[in-house]
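In what follows, a single structure is set out as structure tokens and then discussed.
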Amino acid sequence: MSHPTSFQGMTVKGFTPPLSLSHFKLIAFDMDSTLINIECVDEIADAAGRKAEVAAITEAAMRGEITDYKDSLRRRVALLKGVTVAHMEEVLNQRLQLNPGAEKLVKACQAAGMKVLLVSGGFTFFTDHVRDRLGINWTRSNVLEVVNGELTGRMVDQEWGDICDGEEKRKMLLQTCALMGIEASQAIAMGDGANDLPMMGVAGLSVAYHAKPKVREQAMVAIEEGGLDRLLEVF
């Protein structure tokens with residue numbers, strides 16, 4: 001292991017920069033608090049007057065204090081019961097923004113011939129929007145059940161399983177590599193919370209973005225200051 005190299009506001013360990021961008025063929029992103037500026041579930045909860053309650057569970061899950069992510073998500077989604085699709089659209093249009101440097105990093109990776117994967121413990125309502133906006137190749141996330149324009153407080157099972165948690169993110173990263181005919185060592189995984197650690201652990205390069213302490217410690221690159229595009233400094 002090489003000693004940590006310090007760029008201003010960014011720590012690099014386990015390799016000596018510069019790396020070659022052309023070595024990598026896939027970049028996988030978490031969405032909430034990584035590619036975008038909010039935790040969508042917390043913002044939806046705002047409409048039900050339960051933001052503090054839901055955000056506390058989110059925070060504990062992201063720090064890794066709640067080990068059962070699926071259970072924590074089911075508990076949070078249950079608290080969203082009765083929130084309207086109109087409110088979700090408001091969150092999408094008025095609160096959701098790409099994090100600084102997101103577009104620049106994605107475009108640079110695409111220009112280098114890389115494919116992009118978005119894996120999220122969040123919801124298709126938001127991942128579809130981000131996918132279309134950035135030209136992302138594949139996504140995996142959760143489906144909120146809606147009846148008569150309102151959330152039921154449940155999620156809908158999908159053909160691959162029930163909930164996209166840390167294990168599912170890891171599986172999706174490996175499946176995508178297999179689909180592309182590449183090694184996991186040719187993938188970059190970027191996240192901020194404990195449920196990103198499984199996919200970060202199998203990728204050739206793991207990147208923590210303004211992340212929880214547990215995630216910063218385990219990542220090869222930890223961006224503490226500045227935007228997502230700071231990653232380009234190691235290439």
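All values derive from a computational prediction rather than experimental measurement. Side-chain atoms are counted along with the backbone in the values below, which use heavy atoms only and exclude waters and symmetry mates.
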Exercise for the section: With the side chain counted from C-beta on, respond yes when Arg170 and Leu174 share a heavy-atom pair under 4.5 Å apart, and no when they do not. Expected result: yes
Handout entry: Main-chain N/O of Ile36 paired with Asn99 side-chain donor or acceptor, under 3.5 Å
Key = yes
Completion exercise
CG of Leu197 to CD of Gln218, rounded to nearest 0.5 Å, is 4.5 Å
Problem - pair Leu35-Leu228: side-chain heavy atoms closer than 4.5 Å - result: yes
Distance-only donor-acceptor hits, side chain of residues 109-122, under 3.5 Å, sequence neighbours excluded:
{"from": "Gln110", "atom 1": "NE2", "to": "Leu134", "atom 2": "O", "distance (Å)": "3.1"}
{"from": "Gln110", "atom 1": "NE2", "to": "Gly135", "atom 2": "O", "distance (Å)": "3.0"}
{"from": "Ser120", "atom 1": "OG", "to": "Gly122", "atom 2": "N", "distance (Å)": "2.7"}

Exercise for the section: Indicate if Tyr209 and Val234 have the same hydrophobic cluster label, given that clusters are the connected sets of ILVMFWY residues with side-chain heavy-atom separations under 4.5 angstrom. Expected result: yes
Practice task
Could you tell me whether the side chains of Ser22 and Ser20 share a donor-acceptor contact shorter than 3.5 Å?
Solution key: yes
Practice task
Establish whether Leu98 and Val106 are linked, either directly or via other cluster members, by ILVMFWY side-chain heavy-atom contacts under 4.5 Å.
Solution key: yes
Problem - Side chain to side chain, Val77 and Asn142, heavy atoms closer than 4.5 Å - result: no
Practice task
Decide, yes or no, whether a salt bridge links Arg63 with Glu59 under the criterion of side-chain N to carboxylate O below 4.0 Å.
Solution key: yes
Handout entry: Side chain Asn195, main chain Asp165, donor-acceptor under 3.5 Å
Key = no
Handout entry: Test item: Phe125 and Val146 side chains (from C-beta on) under 4.5 Å apart, heavy atoms
Key = no
Practice task
Identify the heavy atoms of Ile188 and Ala203 that sit nearest to each other, and give their distance.
Solution key: C-CB, 4.2 Å
Problem - Flag if over 12 foreign heavy atoms under 6.0 Å of CG, Asn148 - result: no
Exercise for the section: Heavy atoms only: give me the nearest Ser141-Thr127 pair and the separation to one decimal. Expected result: OG-OG1, 2.7 Å
Exercise for the section: Examine Leu105 and Val12 and state if one hydrophobic cluster contains both, with Ile, Leu, Val, Met, Phe, Trp and Tyr joined whenever side-chain heavy atoms are less than 4.5 Å apart. Expected result: yes
Fill in the blank from the handout: Residue set satisfying side chain to side chain donor-acceptor pair (under 3.5 Å) with Asp32, at least two apart, ordered chain then number -> none
Handout entry: ILVMFWY cluster, Trp160 and Leu73 together (side-chain gap under 4.5 Å)
Key = no
Handout entry: Close side-chain approach of Val221 to Met10, heavy-atom, < 4.5 Å
Key = yes
Handout entry: Other residues, nucleotides, ligands: >12 heavy atoms within 6.0 Å of Lys104 NZ
Key = no
Problem - Between CE on residue Met31 and CD on residue Glu39, distance to nearest 0.5 Å - result: 9.0 Å
Exercise for the section: For the pair His210 (side chain) and Gly226 (backbone), establish whether a donor and an acceptor sit closer than 3.5 Å, ignoring hydrogens and angles. Expected result: yes
Problem - Heavy-atom closest pair, residues Ser33 and Asp192 - result: CB-OD2, 3.4 Å
Practice task
Determine, for Asp128 against Arg131, whether the closest basic-nitrogen to carboxylate-oxygen distance falls under 4.0 angstrom.
Solution key: yes
Completion exercise
In this structure, OG of Ser72 is separated from NZ of Lys70 (nearest 0.5 Å) by 11.5 Å
Exercise for the section: Without swapping roles, check the side chain of Arg230 against the backbone of Ile223 for a donor-acceptor pair under 3.5 Å. Expected result: no
Exercise for the section: May I have the step-by-step check of side-chain contact (heavy atoms from CB on, under 4.5 Å) for Val207 and Ile27, ending in yes or no? Expected result: CA-CA 10 Å; Val207 187; Ile27 184 163; over 6 Å; no
Fill in the blank from the handout: Rounded to the nearest 0.5 angstrom, the OH-SG distance for Tyr69 and Cys164 is 8.0 Å
Exercise for the section: Specify the closest pair of heavy atoms between Val215 and Ala194, including all atoms of both residues, with the distance to one decimal. Expected result: CG2-N, 3.7 Å
Handout entry: Side-chain touch Met180/Trp138, heavy atoms, less than 4.5 angstrom
Key = yes
Validation: residues 80-92 side-chain donor-acceptor distances under 3.5 Å, sequence neighbours left out:
{"from": "Thr84", "atom 1": "OG1", "to": "His87", "atom 2": "N", "distance (Å)": "3.1"}
{"from": "His87", "atom 1": "NE2", "to": "Glu43", "atom 2": "O", "distance (Å)": "3.3"}

Handout entry: Same cluster (ILVMFWY, side-chain, under 4.5 Å), Val202 and Leu205
Key = no
Completion exercise
Smallest heavy-atom separation, Ser206 atom then Ala219 atom, equals OG-CA, 3.6 Å
Problem - Contact summary for Phe7 and Glu233, nearest pair of heavy atoms - result: CD2-OE1, 3.8 Å
Practice task
Could you check if a side-chain atom of Met62 sits within less than 4.5 angstrom of a side-chain atom of Asp30, using non-hydrogen atoms only?
Solution key: no
Handout entry: Approximate separation, where rounding is to 0.5 Å, of Cys177 SG and Lys25 NZ
Key = 12.0 Å
Completion exercise
Taken to the nearest 0.5 Å, the spacing of Leu96 CG from His129 NE2 works out to 5.5 Å
Problem - Student check: side-chain heavy atoms of Arg95 and Asp46 closer than 4.5 Å - result: yes
Exercise for the section: For Gln158, look at atom CD and say whether over 12 heavy atoms of other residues, nucleotides or ligands are found less than 6.0 Å away. Expected result: yes
Fill in the blank from the handout: Exactly one candidate in Val156, Asp157, Asp162, Ile163 meets side chain to side chain contact (heavy atoms under 4.5 Å, CB included) with Val143; the answer is Val156
Practice task
Would you confirm whether Lys169, through its side chain, and Arg140, through its main-chain N or O, come within 3.5 Å as a donor-acceptor pair?
Solution key: no
